[in-house]
Novice: 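Have a look at this one before I ask anything.
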Amino acid sequence: LTHLLAFAIDEASTREIDDALSVEILPDTAAGPMHKRQRLWVHIADPTRYVALGTPLAREARRRASSLYVPTGTVPMFTMALASGPLCLSPGEISCALSVGVMLDADGGIDAGTLPVITPSLVRTTRLTYNQVDRLLDPVSFGDYAISGFDNDEQETMECLRRLQWASEQRLGWRKAGGSLESIG
């Protein structure tokens, strides 16, 4: 999936880049040739392609099951040297991932008529912070905030971020309609 822009969006202090998001634009054959749908992709760093099954490292990672985030810090599934190094989604480099692609329905739920795609993949991520994304998507501040250091085309980057923002808003609406905590906040 290296043809898709993949954005790892985290706090500036995050060292373990373990997930990224993409949008894929597809023709909507049911609605006609001019209509498009978007598939949302979540890419998760896939250390299983580097860590052999049954090794002491694999057994310890399986015992831990995932990284644990507590107020005093992070207890990573792998040592931080591995989790933030060769086993992460290294920005700008092609990395191994497990990718899940879904289509949203009109209400923001997962479209029941389109099967999710779950596949091992290769992705090339661009790292952004929450503050960078907020500033890029803010129409008032964008004029003063240039996109720098990206391999991606600025217009393509902005289009992808806007589509991810739209999907996020759709999902939030769906969660609120379902009685999530956000609905009472």
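Just the heavy atoms: all of them, side chains too, but no hydrogens, waters or symmetry mates, feed the values below. Everything numeric in this text was worked out from a predicted model, so none of it was measured.
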Novice: Any donor-acceptor pair under 3.5 Å linking the side chain of Ser95 with the backbone of Ser90?
Specialist: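 Answer holds: yes.
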Novice: On a heavy-atom basis, which atom in Pro76 and which in Met80 lie closest, and how many Å separate them?
Specialist: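 Closest approach of Pro76 to Met80, heavy atoms only: CG-N, 4.0 Å.
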Novice: What's the separation between atom CG in Asp134 and atom CG in Leu161, rounded to the nearest 0.5 Å?
Specialist: 10.5 Å
Novice: Below 4.5 Å, heavy atoms only, C-beta onward: do Val51 and Leu82 meet side chain to side chain?
Specialist: no
Novice: Closest heavy-atom contact between Asp10 and Ile17?
Specialist: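 In terms of heavy atoms, the two residues are closest at OD2-CD1, 3.9 Å.
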Novice: When rounded to the nearest 0.5 angstrom, what is the spacing between CZ in Arg175 and CD in Glu182?
Specialist: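 So the CZ of Arg175 and the CD of Glu182 are separated by 4.5 Å.
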Novice: Do Val23 and Val123 belong to the same hydrophobic cluster, where Ile, Leu, Val, Met, Phe, Trp and Tyr are linked whenever their side-chain heavy atoms lie under 4.5 Å apart, directly or via other members?
Specialist: no
Novice: Using a 3.5 Å distance criterion without hydrogens, assess whether the side chain of Arg127 forms a donor-acceptor pair with backbone atoms of Ala8.
Specialist: no
Novice: Are Ile44 and Ile118 connected into the same hydrophobic cluster when the rule is that any two of I, L, V, M, F, W, Y join if their side-chain heavy atoms are below 4.5 Å apart?
Specialist: yes
Novice: Check whether Arg59 reaches the backbone of Gly54 with its side chain - one donor and one acceptor, N or O, closer than 3.5 Å.
Specialist: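 Looks like yes, one N/O pair under 3.5 Å.
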Novice: Tell me whether Ser22 contacts the main-chain N or O of Leu4 through its side chain, where contact means a donor paired with an acceptor under 3.5 Å.
Specialist: no
Novice: Asp153 side chain to Gln155 main-chain N or O, any donor-acceptor pair under 3.5 Å?
Specialist: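 Pair found, side chain donor or acceptor close to backbone of Gln155.
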Novice: To the nearest 0.5 Å, what is the distance between CD1 (Ile110) and CG (Leu115)?
Specialist: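 If I round to the nearest 0.5 Å, the distance is 12.0 Å.
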Novice: Between Val133 and Leu164, is any pair of side-chain heavy atoms under 4.5 Å apart?
Specialist: no
Novice: Side chains of Ser13 and Glu11: do they bring a donor and an acceptor to under 3.5 Å?
Specialist: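 Not at all, the side chains of Ser13 and Glu11 share no donor-acceptor pair under 3.5 Å.
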Novice: If you measure from CZ on Arg62 to CG on Leu57, what distance do you get to the nearest 0.5 Å?
Specialist: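 So the gap between those two atoms works out to 14.0 Å.
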Novice: Is a side-chain N or O of Ser121 found less than 3.5 angstrom from the main chain of Leu98, in a donor-acceptor match?
Specialist: no
Novice: Using side-chain contact (heavy atoms from CB on, under 4.5 Å), reason through Arg162 and Trp166 one step at a time and then give a plain yes or no.
Specialist: CA-CA 6 Å; Arg162 285 187 192 104; Trp166 175 86; over 6 Å; no
Novice: Show the nearest heavy-atom pair for residues Phe7 and Cys160, with the distance to one decimal.
Specialist: CE1-SG, 3.6 Å
Novice: Kindly state each residue pair satisfying salt bridge (charged side-chain N to carboxylate O under 4.0 Å, His left out) with at least one member in residues 108-123, sequence neighbours excluded.
Specialist: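 Qualifying pairs, neighbours excluded: Arg37-Asp111.
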Novice: Would you confirm whether Arg39, through its side chain, and Met103, through its main-chain N or O, come within 3.5 Å as a donor-acceptor pair?
Specialist: no
Novice: If you round to the nearest 0.5 Å, how far is CE of Met77 from CD of Glu16?
Specialist: 8.0 Å
Novice: Verify the cluster assignment for Met158 and Ile25: are they in a single hydrophobic cluster under the rule of side-chain heavy atoms below 4.5 Å apart?
Specialist: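 Yes, because Met158 and Ile25 connect within a single hydrophobic cluster, where side-chain heavy atoms sit under 4.5 Å apart.
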Novice: For the pair Val100 and Val117, evaluate side-chain contact (heavy atoms from CB on, under 4.5 Å) and give the outcome as yes or no after the intermediate values.
Specialist: CA-CA 5 Å; Val100 179; Val117 177; over 6 Å; no
Novice: Report yes or no: do Val42 and Leu40 belong to one cluster of Ile/Leu/Val/Met/Phe/Trp/Tyr joined by side chain heavy-atom distances under 4.5 Å?
Specialist: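 Val42 and Leu40: one cluster.
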Novice: Strictly distance-based, threshold 3.5 Å: is any side-chain N or O of Arg49 a donor or acceptor partner for the main-chain N or O of Ala97?
Specialist: yes
Novice: Between atom CD of Glu60 and atom OG1 of Thr55, what is the distance when rounded to the nearest 0.5 Å?
Specialist: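 Rounded to the nearest 0.5 Å, the CD-OG1 separation comes out at 11.0 Å.
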Novice: For a quick test of reading the model, state the closest non-hydrogen atom pair linking Trp174 to Asp107 and the distance between them.
Specialist: CB-O, 3.3 Å
Novice: Over all heavy atoms of both residues, which pair between Leu122 and Ile94 is shortest? Give the atoms and the distance, please.
Specialist: CB-CG2, 3.7 Å
Novice: Applying the 4.5 Å side-chain criterion to the ILVMFWY set and letting contacts propagate, would Leu136 and Tyr130 be lumped into a single cluster?
Specialist: yes
Novice: Has Arg64 got a side-chain atom pairing as donor or acceptor with Phe78's backbone, closer than 3.5 angstrom?
Specialist: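 Side chain of Arg64 to backbone of Phe78: no pair is present.
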Novice: Is there side-chain contact between Leu5 and Thr157, with at least one heavy-atom pair below 4.5 Å?
Specialist: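 Leu5 reaches Thr157 side chain to side chain.
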Novice: Looking only at heavy atoms, which two atoms of Ala45 and Leu89 are closest? And how far apart?
Specialist: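 Closest heavy-atom pair between Ala45 and Leu89: CA-CD2, 3.8 Å.
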Novice: Within the distance-only criterion (no hydrogens, no angle test), does the side chain of Ser99 pair as donor or acceptor with the backbone N or O of His43 below 3.5 angstrom?
Specialist: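 Such a contact is absent between Ser99 side chain and His43 backbone.
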